Asks: 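One structure, pasted below without further comment.
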Protein chains: 2
Amino acid sequence: MDKKTQIIEIATKLFSENGFENTSISRVCEASNVSKGLVFHHFKSKDGLLREIFSVTTKKIIEMNESINDEQKPMDRLYDLINSFFIQIKSDKLFFQLNLNVMTQPKTRELLNDLIKERSTFILTSVKQIFNQINTENAEIISYLFIAELDGIALNYLGIFDNYPLEQIKEQLIKKYIKNGI
Amino acid sequence: MDKKTQIIEIATKLFSENGFENTSISRVCEASNVSKGLVFHHFKSKDGLLREIFSVTTKKIIEMNESINDEQKPMDRLYDLINSFFIQIKSDKLFFQLNLNVMTQPKTRELLNDLIKERSTFILTSVKQIFNQINTENAEIISYLFIAELDGIALNYLGIFDNYPLEQIKEQLIKKYIKNGI
DNA sequence: TTGCACTGACTATACGGTCAGTCAATATAA
DNA sequence: TTATATTGACTGACCGTATAGTCAGTGCAA
């Protein structure tokens, strides 16, 4: 494998597990069997490495979204969205962990500000599109609330509550958004 | 003012503004006109200082809740809860910032694990009590979702979206929980 | 021969934490 | 009242360590 890609992958894992500030470049080098010089050859700084990681992740999110965007009915797309969110949050905890981590730390949030804006705009637009097609009143505000709900669930599940009843919460969400008319 | 209290207050402010990992004890000392030795005289470590800060904050939350817990109707209490959340989030951004920060960083989350559990249990219990009195079906899950919504709103408002339409989101929340029957 | 991925020893700096000691206030004893 | 002992808040120089980042140089593919 390309060593540059390898550095990105290992760094993503370590940043997720230990947090960005608590992961030194030396540890990344150790874990990926690469010299310190090489990291700074490929990335202009530790901050630059994080930016690249965040960009790569955003690309993945966009690709994933495009692959789902079939010609389904909007209600089914919403259902799929909720389902895939809960699947992801269970299987890829670290990914969510890292994103929460960098978005809630003042320094990294500043560093990634433009990339965060770019990503969140994309997500808002996608969700709003669905609610618009469902013909929801107040689609924009409902979209904001929907995103807040998912983010809040991720936050509470990953960082706050023990024995978080994910499955029941998912059912409740589906009931709320799919079965009732919001 | 007591120098110990002063250290706690200044440290809270700096940790909130710059993040825990990005605030050195030296900077805390500078800002509060106190020697390094004194900080370690009062607190056994930097981590210990953070734990004390978090504890103090939890105490404040509990006190605040108890002062609200009048003999109001449960629906009014829910209304008050939502309102005071939105007032707080606007006026005390830094406070929320710090709490999100320490709960999403692996190292600090570990360090504060027991305190986070204690606080979140208290919050869940308080909210569940209200929904129980309203006679909500599935009060526990509804409580989890309600808390997730508020946390998500805080996260999105403080860390993700520009021009977050707080006021409209508040109205929508009230409509959902108070005017409709959830 | 040129260019580029790659190395690892090196530097400057900043960090958390320690420690010997100062000083003022309080308690004790005469 | 006066002299002495004890406490505990407080200082700042100091220490070992770890960090991000540099750079002169190596080896290899085109």
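Just so it is clear: chains get the letters A, B, ... in the order the sequence lines come, proteins before strands, and each one is counted from 1. These numbers come from a predicted model, not from an experiment.
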Asks: Please evaluate residues Lys3(A) and Asn33(A) with respect to the criterion side chain to side chain donor-acceptor pair (under 3.5 Å), reporting the C-alpha separation (whole Å), side-chain torsions for both, the decisive distance (0.1 Å), and the verdict.
Replies: CA-CA 9 Å; Lys3(A) 286 208 177 178; Asn33(A) 277 317; over 6 Å; no
Asks: Which whole-number value in Å describes the distance from Ile25(A) CD1 to dT22(D) C1'?
Replies: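 After rounding, the reported distance stands at 14 Å.
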Asks: Assess the pair Phe96(B) and Tyr157(B): is the distance between their ring centroids shorter than 6.0 Å?
Replies: no
Asks: Measure the distance from CZ on Arg27(B) to C1' on dA14(C) and round it to the nearest whole Å.
Replies: 12 Å
Asks: Nearest 0.5 Å please: distance from the OG1 atom of Thr58(A) over to the CG atom of Leu115(A).
Replies: 6.5 Å
Asks: Under the salt bridge (Lys or Arg N to Asp or Glu O under 4.0 Å) rule, collect the residues that match up with Lys73(A), sequence neighbours excluded.
Replies: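 For Lys73(A) there are no salt bridge (Lys or Arg N to Asp or Glu O under 4.0 Å) partners, ignoring immediate neighbours.
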Asks: Determine, for Phe54(B) and Arg119(B), whether the Lys NZ or Arg CZ falls below 6.0 Å from the six-membered ring centre while staying within 45 degrees of the axis.
Replies: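 Here Arg119(B) passes the 6.0 Å and 45° test against Phe54(B).
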Asks: What is the separation between atom CZ on Phe40(A) and atom P on dT19(D), rounded to the nearest whole Å?
Replies: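 Whole-Å distance recorded here is 12 Å.
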Asks: Go through the structure and list residues passing salt bridge (Lys or Arg N to Asp or Glu O under 4.0 Å) with Glu140(B), not counting sequence neighbours.
Replies: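 Result, salt bridge (Lys or Arg N to Asp or Glu O under 4.0 Å) vs Glu140(B): Lys128(B).
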Asks: Treating Gln6(A) as the side-chain partner and Ser32(A) as the backbone partner, does any N or O pair qualify as donor plus acceptor under 3.5 Å?
Replies: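 Yes, Gln6(A) side chain to Ser32(A) backbone: donor-acceptor pair under 3.5 Å.
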Asks: Provide, to the nearest angstrom, the distance between the NZ atom belonging to Lys44(A) and the C1' atom belonging to dC23(D).
Replies: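 Going from NZ in Lys44(A) over to C1' in dC23(D) covers 19 Å.
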Asks: Mind running a 4.0 Å heavy-atom check of residues 14-23 of chain B against DNA chain C and sending the residues that fall below it, in number order?
Replies: Thr23(B)
Asks: Please report, rounded to the nearest Å, how far the C1' atom of dG16(C) is from the NZ atom of Lys46(B).
Replies: 8 Å
Asks: Between Phe146(A) and Lys176(A), is there a cation-pi geometry (under 6.0 Å to ring centre, at most 45° from the normal)?
Replies: no
Asks: Please list, pair by pair, any protein nitrogen or oxygen found under 3.5 Å from a nitrogen or oxygen in nucleotides 10-14 of chain D.
Replies:
unit_1	atom_1	unit_2	atom_2	d
dC10(D)	OP2	His42(B)	NE2	3.2
dT11(D)	OP2	Ser35(B)	N	2.8
dT11(D)	OP2	Ser35(B)	OG	3.1

Asks: What pairs with Glu63(A) under salt bridge (Lys or Arg N to Asp or Glu O under 4.0 Å), at least two apart in sequence or on another chain?
Replies: none
Asks: Find the distance Lys107(A):NZ to dT19(D):P and express it as a whole number of Å.
Replies: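 Lys107(A) atom NZ is separated from dT19(D) atom P by 13 Å.
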Asks: Can you pull every protein N or O that's under 3.5 Å from an N or O on nucleotides 25-30 of chain D?
Replies:
none

Asks: Please walk me through it: do Phe20(B) and Asp47(B) pass side-chain contact (heavy atoms from CB on, under 4.5 Å)?
Replies: CA-CA 9 Å; Phe20(B) 175 69; Asp47(B) 287 358; 3.6 Å; yes
Asks: Is a donor on one side and an acceptor on the other found under 3.5 Å between the side chain of Thr136(A) and the backbone of Ala139(A)?
Replies: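 The answer is no, because no donor-acceptor pair under 3.5 Å joins these two groups.
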